[in-house]
Amino acid sequence: MTQHVFPAALEPAPGTSGSEIVRLASVTRRFGPTLALDDVSLAVAEGEILAIIGRSGAGKSTLIRCLNGLERPDAGHILIEGADIAALAERELQPLRRRVGMIFQHFNLLANRTVRENVALPLKIAGEGRRARDARAAELLELVGLSAKADSYPAQLSGGQKQRVGIARALAARPKILLSDEATSALDPETTQQILELLRRINRELGLTVVLITHEMEVVRTVADRVAVIEAGRIVEEGPVWRVFANPRQALTRSLLATVRPQLPRHIAERLSPVPGRAVVLRADVAGPGAGRLAADAEAALGRPVELLHGGIDHIQGQAVGSLFLEIGARNEGEVERITSVLAARGAEVEVLGHV
Ligand SMILES: Nc1ncnc2c1ncn2[C@@H]1O[C@H](COP(=O)(O)OP(=O)(O)OP(=O)(O)O)[C@@H](O)[C@H]1O
Ligand SMILES: [Mg+2]
């Protein structure tokens, strides 16, 4: 593969550490009038698990398909290990496809081939001999816990087992990057957890970089290191999972994460008034080592009781992430302002929800 010079104007992506294995720079992809990707810039660090989330039609699959050359951008650069694949001709993409494996929602296994043959298929296409193929397939089936099913056909497997075969096949050519488009959305929650554990283990043991698309926020929470949010072809928010879960900046992100972040119980929300009364009810989002002390610290600083109505401290990627719904005595706007500034001074993002 030819090395293409990286445009000097592009800054390193914020929030990535370690060496960069993938970079999209100002990538645009149109389908007729639809702008599926609109000036997308994104970097992936080697060995990380990046989740891409967004609503249906946002451009997630198009983005991930650009990373293995299944989709060609109309403009921009796609650098895989420093080489610009957007500039490659179709036949030059073959070596790339070996460095980038992919797994799918509906597994995409060949029904008339055994599990062993499915796993070995990429090697057969690459022209490897029978012996080497069988040895590699056996090794991979061992890795994904399916050695006993080598001679079975896909129809004889459960959904979770089929996806294990899909993962083994994706790893056959020893890729550095694994792409996953909704790989667990056809599976039940328990099987999903097992597949996620397998992906996590592969990520750790083989040092594989993983880029995954999911509609399941619990998947993001349990396996991803970083998350990027895409809306109408644009990346609107990205960061470490704990940071984005602690403090989503975009309305879309808050809405996507609503099921995995604490929400004010409805019977309390229904009691709230927009005008000051006896007390203010607010949401305080706080992350990091001081998160667990926020309510006590605020109580000391304010000299009045701080009541925890709902929420608490979660732990994501080893970080304390607090979403606290607090009720604090406040009779007018001035008192509310003092309370919010005391909380903000301790690192909290504060949203006044109403008054009681
Ligand atoms: N081959 C194609 N021809 C025409 N339009 C396409 C094609 N592929 C994607 N699109 C359009 O591009 C936009 C982005 O599609 P994409 O499949 O990337 O969305 P997505 O985020 O993966 O959605 P979903 O969550 O439903 O899978 C959509 O408006 C889609 O209709
Ligand atoms: Mg899609």
Side-chain angles (χ1 to χ4, degrees), residues 22-44 49-80 85-86 88 90 93 96-97 100-109 159 162-163 166-167 169-170 177-189 192 195-196 199 209-224 226-239 241 244 248 250-260:
V22 173
R23 169 181 286 265
L24 281 82
S26 304
V27 170
T28 295
R29 177 69 170 111
R30 289 171 201 281
F31 295 104
T34 306
L35 205 46
L37 295 177
D38 181 6
D39 195 25
V40 168
S41 295
L42 181 70
V44 186
I49 301 186
L50 171 71
I52 297 169
I53 62 172
R55 295 207 193 289
S56 184
K60 304 179 296 295
S61 294
T62 306
L63 192 163
I64 218 166
R65 287 162 57 84
C66 279
L67 297 182
N68 62 358
L70 283 175
E71 206 68 76
R72 310 302 297 264
D74 296 308
H77 303 273
I78 299 170
L79 297 131
I80 307 279
I85 65 161
L88 297 180
E90 181 61 31
L93 285 172
L96 165 82
R97 296 215 173 97
V100 183
M102 182 141 173
I103 54 175
F104 306 87
Q105 179 175 6
H106 298 296
F107 325 121
N108 297 14
L109 303 178
K162 285 180 197 164
Q163 196 55 288
I167 292 170
R169 180 189 53 191
I177 302 163
L178 182 67
L179 308 177
S180 163
D181 194 346
E182 302 275 357
T184 58
S185 43
L187 305 174
D188 65 61
T192 294
I195 294 294
L196 295 179
L199 287 180
T209 305
V210 180
V211 180
L212 61 86
I213 295 172
T214 184
H215 284 285
E216 302 160 289
M217 297 307 125
E218 201 47 43
V219 169
V220 179
R221 192 186 175 289
T222 40
V223 300
R226 222 151 50 84
V227 59
V229 186
I230 183 165
E231 181 174 27
R234 300 186 75 98
I235 305 280
V236 294
E237 179 158 12
E238 67 167 293
V241 170
V244 174
Q250 299 290 326
L252 171 68
T253 315
R254 281 196 291 276
S255 159
L256 292 171
L257 297 182
T259 55
V260 286

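The analysis underlying the following values was restricted to heavy atoms, covering all of them including side chains, and did not include hydrogens, waters or symmetry mates. For the single chain, residues carry numbers from 1 onward in sequence order. Whatever order the structure lists them in is the order used to number ligands and atoms, beginning at 1.
Counting only heavy atoms of the protein, atom 26 (O) of ligand 1 lies nearest to Ser56 OG, 2.5 Å. Closest protein heavy atom to atom 25 (O) of ligand 1: Lys60 NZ, 2.8 Å. Atom 27 (O) of ligand 1 has as its closest protein heavy atom Ser61 OG, 4.0 Å.
Taking distances strictly below 2.8 Å, the protein N/O/S atoms close to the Mg ion (ligand 2) are Ser61 OG.
Considering Leu96, Ile85, Leu88 as possible partners of Ile78, the one that fulfils the side-chain contact (heavy atoms from CB on, under 4.5 Å) test is Ile85.
You'll find the side chain of Ile195 reaches within 4.5 Å of the side chain of Ile167, heavy atoms only.
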**OP:** Given side-chain contact (heavy atoms from CB on, under 4.5 Å), test Leu37 with Ile230 step by step and report yes or no.
**Re:** CA-CA 9 Å; Leu37 295 177; Ile230 183 165; 4.0 Å; yes
**OP:** Begin with the C-alpha distance, continue with both residues' side-chain angles, and end with the deciding distance and a verdict on side-chain contact (heavy atoms from CB on, under 4.5 Å) for Val260 and Val220.
**Re:** CA-CA 10 Å; Val260 286; Val220 179; over 6 Å; no
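Within the 3.5 Å criterion, the main-chain N or O of Glu216 finds a donor-acceptor partner in the side chain of Thr214. With hydrogens and angles ignored, the 3.5 Å screen pairs a side-chain donor or acceptor of Lys60 with a backbone N or O of Arg55. A distance-only check finds no donor-acceptor pair linking the side chain of Ser255 to the backbone of Ala251 [under 3.5 Å]. Side chain of Glu237 to backbone of Gln250: a donor-acceptor contact under 3.5 angstrom is found.
The shortest N or O to N or O distance between Glu182 and ligand 1 is not below 3.5 Å. At a 3.5 angstrom cut-off on N or O pairs, Ala36 does not count as close to ligand 1. Not one N or O of Phe31 is nearer than 3.5 Å to an N or O of ligand 1, by distance alone.
Compare Cys66, Gly54, Gly57 by their heavy atoms: the one nearest to atom 28 (C) of ligand 1 is in Gly57. Closest heavy-atom approach to atom 29 (O) of ligand 1 within the set Thr62, Thr34, Asp181: this belongs to Thr34.
In this structure, CD1 in Ile52 is found 9.5 Å from OG in Ser61, a value given to the nearest 0.5 Å. Note that CG of Leu178 is 11.5 Å distant from CG of Leu67, once rounded to the nearest 0.5 Å.
The shortest heavy-atom distance from Arg65 to ligand 1 is not under 4.0 Å.
Here His215 has side-chain heavy atoms under 4.0 Å from ligand 1, and that is the only part of it that gets that close.
Of the protein's heavy atoms, at least one falls inside 4.0 Å of atom 20 (P) of ligand 1.
Closest non-hydrogen pair, Ala183 versus Ile103, comes out as CB-CD1, 3.6 Å.
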